[in-house]
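Here is the structure we will look at.
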Number of protein chains: 2
Amino acid sequence: MTASAQGKPKSNSAIAVEKLRELIFSGELPAGSDHLETELALRLGMSRTPVREAALTLEAQGLLEVRARKGVRILPISARDMEEIYDVLTELESMAAAQAAKQGYDAKALAPLAKTIADMEVALDSEDRAAWAAADDRFHNELVRLGGNSRVVAIVALMADQVRRARAVTLYMRPLPLKSNADHRAVLEAIRAGDAASAHAIHRSHRTNAKQTLVQILQTNRLHMV
Amino acid sequence: MTASAQGKPKSNSAIAVEKLRELIFSGELPAGSDHLETELALRLGMSRTPVREAALTLEAQGLLEVRARKGVRILPISARDMEEIYDVLTELESMAAAQAAKQGYDAKALAPLAKTIADMEVALDSEDRAAWAAADDRFHNELVRLGGNSRVVAIVALMADQVRRARAVTLYMRPLPLKSNADHRAVLEAIRAGDAASAHAIHRSHRTNAKQTLVQILQTNRLHMV
DNA sequence: GTATGCATTAATGTATACGTTGTCAACGAA
DNA sequence: TTCGTTGACAACGTATACATTAATGCATAC
């Protein structure tokens with residue numbers, strides 16, 4: 001089927017979730033800012049009801065906070081928040097890597113993961129940071145998918161959203177992660193070889209390094225409002 | 001201030017969340033059952049709006065699913081689900097135990113954790129399974145709190161809800177966990193000694209054992225609808 | 001007897017009106 | 001001048017009416 005003939009009717013509530021996410025990630029709704037429900041409803045061209053429902057959904061996802069008579073507040077992300085998030089990602093992704101290694105995937109099943117690594121390599125060569133970030137997201141998402149734990153997939157997706165918000169600010173403040181792809185390849189190789197312990201250890205150290213790099217950037221730049 | 005003079009006004013939406021959680025945990029809304037919004041609204045003595053908002057919140061928490069024109073479905077829990085949940089709990093709680101050990105807590109700060117272990121001991125002596133389960137919940141909750149990662153606390157709380165639902169069925173089907181308190185004490189001791197590696201390893205093996213016990217019960221009894 | 005299509009209906013999705021309540025500012029008293 | 005009080009306002013929380021749409025059942029044709 002082609003992507004053109006989708007034809008699936010989306011509810012306004014679902015549309016509101018998408019639009020609000022876009023507005024938050026694009027920075028049009030900056031972290032720490034307040035927005036009235038009526039104002040958002042007007043902006044999205046619908047009534048308050050679906051906007052309110054979307055706000056509740058996004059609140060559960062940790063992107064904003066609904067406060068009585070003060071509108072929704074887009075949650076800021078502090079350096080401490082990023083530490084917490086990276087620690088969770090480190091644990092759950094490392095577990096996923098280990099479990100993926102135990103599944104005995106063949107080369108075909110691992111092809112999507114290998115593709116993301118190749119894409120990152122191309123992006124690094126052309127110094128295309130945005131493309132690198134997109135491929136990196138796909139790598140981590142695919143990794144946990146291979147782990148086979150649907151709850152890990154869901155939690156990591158939520159945390160990755162927050163990382164993406166922070167990265168929108170930090171992406172151009174740090175050196176290109178030229179060496180990180182060696183880690184990615186090593187993880188892939190460990191999974192292919194069925195070496196769960198190595199997959200776990202390598203990914204853990206990879207994530208730990210990434211955490212230190214990012215937290216240092218956030219702290220030295222006092223970017224507690226991302 | 002005394003607890004009697006609380007006087008905090010709760011919104012109907014918040015009340016609906018509480019009531020629905022009670023109905024789900026008590027089994028009055030059995031896993032797998034469907035319930036119309038109108039019916040629930042009538043049952044809770046309020047209009048559809050707050051009930052609907054509560055349903056969205058509980059959906060985000062993984063307790064139920066809202067389906068168009070079919071009402072909300074209380075999600076069943078399969079043995080596979082419990083495996084996933086226990087794997088997540090194992091990783092995050094072990095990390096929390098290790099981080100708690102690094103904090104250098106004194107005896108006073110660890111007193112609440114020690115109290116839950118003492119309570120479990122008393123409950124085991126009197127073979128009071130319900131009291132043991134309640135104290136065990138408090139132990140795990142307090143443990144992650146000491147870890148200091150608020151996101152881990154939140155995720156573990158969500159997963160613990162699911163465990164509680166399953167335990168309502170399995171609590172009386174398994175032997176009393178007479179030896180588990182030795183694990184709890186060992187974890188506490190490792191934290192007190194500041195031995196992060198031991199705290200991590202001990203708690204991990206504790207959780208792994210618990211997982212195997214529970215999953216085996218669920219599988220042998222075909223309890224895929226808990 | 002079966003299958004297809006249409007009409008009915010019932011439940012959600014959405015809009016809107018209204019009540020409730022916290023906020024903010026102006027005014028007055030100390 | 002400053003602090004406290006009061007009042008109006010405005011935004012949310014809730015109820016309710018309405019639109020939408022999918023499921024269901026019946027009738028009809030093959």
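Scope of the values below: all heavy atoms of this structure, side chains included, with no hydrogens, waters or symmetry mates. Naming convention: chains lettered A, B, ... in sequence-line order (proteins, then strands); numbering from 1 in each chain.
- Spacing between atom CG of A:L42 and atom P of D:dA11 amounts to 13 Å, rounded to whole angstrom units.
- With rounding to whole Å, A:E65 atom CD is found 14 Å from D:dC12 atom P.
- Using a 4.0 Å cut-off, no side-chain N or O of A:T49 falls inside it from OP1 or OP2 of C:dT14.
- The side chain of B:L36 lies closest to C:dA11, out of C:dG13, C:dT16, C:dA11.
- Summarising the geometry, the separation between CG on B:N12 and C1' on C:dT20 is reported as 12 Å, rounded to the nearest angstrom.
- Closest contact between the side chain of B:E53 and the listed nucleotides C:dT12, C:dT14, D:dT14 involves D:dT14.
- As a whole-Å value, the separation of A:L40 CG from D:dA11 P is 12 Å.
- Here C:dT16 presents its P atom at 15 Å from CD of A:E37, a figure rounded to the nearest Å.
- By the salt bridge (charged side-chain N to carboxylate O under 4.0 Å, His left out) test, A:E91 is found to be paired with A:R204, residues two or more places apart in sequence or in another chain being considered.
- Side-chain atoms of A:A68 lie closest to D:dC12 of the nucleotides C:dT14, D:dC12, D:dA15.
- You'll find the ring centres of B:H203 and B:H184 outside the 6.0 Å limit.
- We find that CG of B:L56 is positioned 12 Å from P of C:dT12, with the value rounded to whole Å.
- If you check distances only, the side chain of A:R48 does reach the base of D:dG13 with a donor-acceptor pair under 3.5 Å.
- The CE-P distance, from A:M46 to C:dA15, rounds to 7 Å in whole Å.
- Considering only side-chain N and O atoms, B:R67 lies nowhere under 4.0 angstrom from the phosphate OP1 or OP2 of C:dT12.
- Between the A:E59 side chain and the A:E65 main chain, no donor and acceptor come within less than 3.5 Å of each other.
- Distances from the side chain of B:S47 to the nucleotides D:dT14, C:dA15, C:dA11 place D:dT14 closest.
- For B:R69, whose side chain is taken as the heavy atoms from C-beta onward, the closest listed nucleotide among D:dT14, D:dT20, C:dG22 is D:dT20.
- With hydrogens and angles disregarded, no donor-acceptor distance shorter than 3.5 Å links the side chain of B:T170 to the backbone of B:M173.
- Of the candidates C:dT14, C:dT12, C:dT20, C:dT12 carries the atom nearest the B:T38 side chain, counting heavy atoms from C-beta on.
- One interatomic measurement links the two molecules: NZ of B:K10 to P of C:dT21, which rounds to 15 Å at whole-angstrom precision.
- The nucleotide whose nearest atom lies closest to any side-chain atom of A:K70 is, among C:dA15, D:dA15, C:dT23, C:dT23.
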Yes or no on side-chain hydrogen bond (donor to acceptor under 3.5 Å, both in side chains) for B:N12 and B:E53, after CA distance, side-chain angles and deciding distance?
CA-CA 10 Å; B:N12 274 357; B:E53 292 185 352; over 6 Å; no
